Number of protein chains: 2
Amino acid sequence: MSNPQPTPNNVTSLADRRLLHETVIDQLRDLIVQGELAPETKLNERVLAERLGTSRTPLREAIKFLASEGLVELLPNRGAVVAPLKPEKMKEVFVVLGALEALAGDLACRNASEADIAEIRALHFHMLAHHAAGELAQYFKYNQQIHSRIMDCAGNATLAASYRSLNEHVKRARYLANLSRERWDKAVQEHGEILDALTRRDGARLQALLRDHLANKLVLVMEALDKRKAEAAR
Amino acid sequence: MSNPQPTPNNVTSLADRRLLHETVIDQLRDLIVQGELAPETKLNERVLAERLGTSRTPLREAIKFLASEGLVELLPNRGAVVAPLKPEKMKEVFVVLGALEALAGDLACRNASEADIAEIRALHFHMLAHHAAGELAQYFKYNQQIHSRIMDCAGNATLAASYRSLNEHVKRARYLANLSRERWDKAVQEHGEILDALTRRDGARLQALLRDHLANKLVLVMEALDKRKAEAAR
DNA sequence: GCAACCATTTTTGTATGCAAAAAACACAAA
DNA sequence: TTTGTGTTTTTTGCATACAAAAATGGTTGC
């Protein structure tokens, strides 16, 4: 499960034009976001480098990159740790994400083509189907895609990059939030209104909806964090 | 002017607890923001490392860090270049900064203490003095400090970090914007209104003012970029 | 002149080596 | 048991070594 490498990993396989430290950045980010490397885990360079099939140098470069994203923290002379998942930090992130999504919604209402909106509508109905079937993972996937597409429709790559970077932090918290049916239904309903506002290109309304949507999501995450903390305490 | 080093830089001076690659990050960022390393300059690792008095390893780590901030771009197998200063990118950055500053203004109106506001007022009058004396550099310094303090008063470190990171891009453009007296006066007047709204804790108004203020600044930067481009063309 | 090719040099990307700092450990004293 | 301390081990931070890739430059043929 942990090390499925058919070829020796020091052999550059085929026309592998990607740079090692770039793939290491992605691998490490995934490990952190998926929770495989839990918050506050110490990143032992020797061990991690071996696990990723590389040497310490590219790994250290990747760590520096992710430190700038905020996913790892650098401790002088003591290496790096996976950034802690603090409730206070989460609140901050959600506030900023709220502003960024609101901006994106407003811009999307002006810039999105009809085809863009049609595509988002299609994603929306896929999401509804998975909601109806109770398939949470698939639901999340389409949910993310919808927000992502709205972000893209804003036509501002800098905005999108900032959003993606901050959103990684939220994704880390997601896997521990277990949604009640009630809250889930509410989120889906909100998405209906979001699609509606986008269709009508009502920027002001879409802004407000997205902000509320995120605020509700924050409540979920906070509850989950509190619960985890309570479990850790006993 | 460029290399004032009293001690050999490979000797760790005194209780210098800072890490080499951290100081390199700051030095390199400064070189880029101050324009000493112009946009699109190729970063030759050997040369730069020597200039900064270090080896390639910490330099490469610093480059990766700044790549995540967007100040440098990584070209696979071809090293890194100082990120180009494109008008299109500038527009994007200003739009996002506008949203972030507006948010900060709103939060600051709620969270700032009277002492905070008094401090900002003091900075404001320093700024006015330098404006009256026609001291542009000093004016800019206090101007930045005011915006920075408002950001701090929002009490959201994540917001502040995102802002600072994006603001570095704007600072790069600043040194080439030569302000007409007319526009300068206008900016100062806007700052008066900003201080006023903050004093009255009128969040909605402050948001709008900050957004406009940034929009005007964007116009300035765009003109400067166009001018530079015209000069480069002839 | 200039386009295409090959040899040479430079530069990047990665691995390894080594010194200094931190952590872990062992053991003695309070 | 706890506290302190000296020693060993581990880990980090930086420098360097080396191989692969890209840039450079010179030569030839057109």
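Please read these numbers as outputs of a predicted model, since none were measured by experiment. Below, read A as the first sequence line, B as the second, and so on, with proteins coming before strands; counting in each chain starts at 1. Atom set for the values below is all heavy atoms of this structure, side chains included, hydrogens, waters and symmetry mates excluded.
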Problem - side chain to side chain donor-acceptor pair (under 3.5 Å) against A/N216, all qualifying residues, sequence neighbours excluded - result: A/E190

Practice task
Go through the structure and list residues passing side chain to side chain donor-acceptor pair (under 3.5 Å) with A/H124, not counting sequence neighbours.
Solution key: none

Handout entry: More than 12 heavy atoms of other groups within 6.0 Å of A/H126 NE2
Key = no

Exercise for the section: Kindly say whether A/P58 contributes a backbone atom to a donor-acceptor pair with the side chain of B/R60 at under 3.5 angstrom? Expected result: no

Problem - Whole-Å distance separating the CG atom of A/L59 from the C1' atom of C/dA15 - result: 13 Å

Handout entry: Spacing between A/E50 atom CD and C/dT16 atom C1', to the nearest angstrom
Key = 15 Å

Handout entry: Whole angstrom value for the distance that separates P of D/dC14 from CG of A/L74
Key = 11 Å

Exercise for the section: Would you mind reading off the distance between A/I63 atom CD1 and D/dG13 atom C1', rounded to a whole angstrom? Expected result: 12 Å

Exercise for the section: Spell out yes or no: do the side chain of A/T57 and the base of C/dT16 have one donor N/O and one acceptor N/O closer than 3.5 Å? Expected result: yes

Practice task
Can you tell me the distance, in whole Å, between the NZ atom of A/K64 and the P atom of C/dT14?
Solution key: 15 Å

Practice task
Scan side-chain atoms only and decide if B/T23 and B/D26 contain a donor-acceptor pair under the 3.5 Å cut-off.
Solution key: no

Practice task
Would you mind reading off the distance between B/H21 atom NE2 and D/dA15 atom P, rounded to a whole angstrom?
Solution key: 12 Å

Exercise for the section: Measure from the side-chain N and O atoms of B/E73 to the backbone N and O of B/A83, and report whether any donor-acceptor pair falls under 3.5 Å. Expected result: no

Completion exercise
In whole angstroms, the gap separating C1' of D/dC14 from CG of B/L52 amounts to 15 Å

Protein and nucleotides 6-12 of chain D: nitrogen or oxygen contacts under 3.5 angstrom:
from   : atom 1 : to    : atom 2 : distance (Å)
D/dT11 : OP1    : A/N44 : ND2    : 3.0
D/dT12 : OP1    : A/L43 : O      : 3.3
D/dT12 : OP2    : A/E45 : N      : 3.3

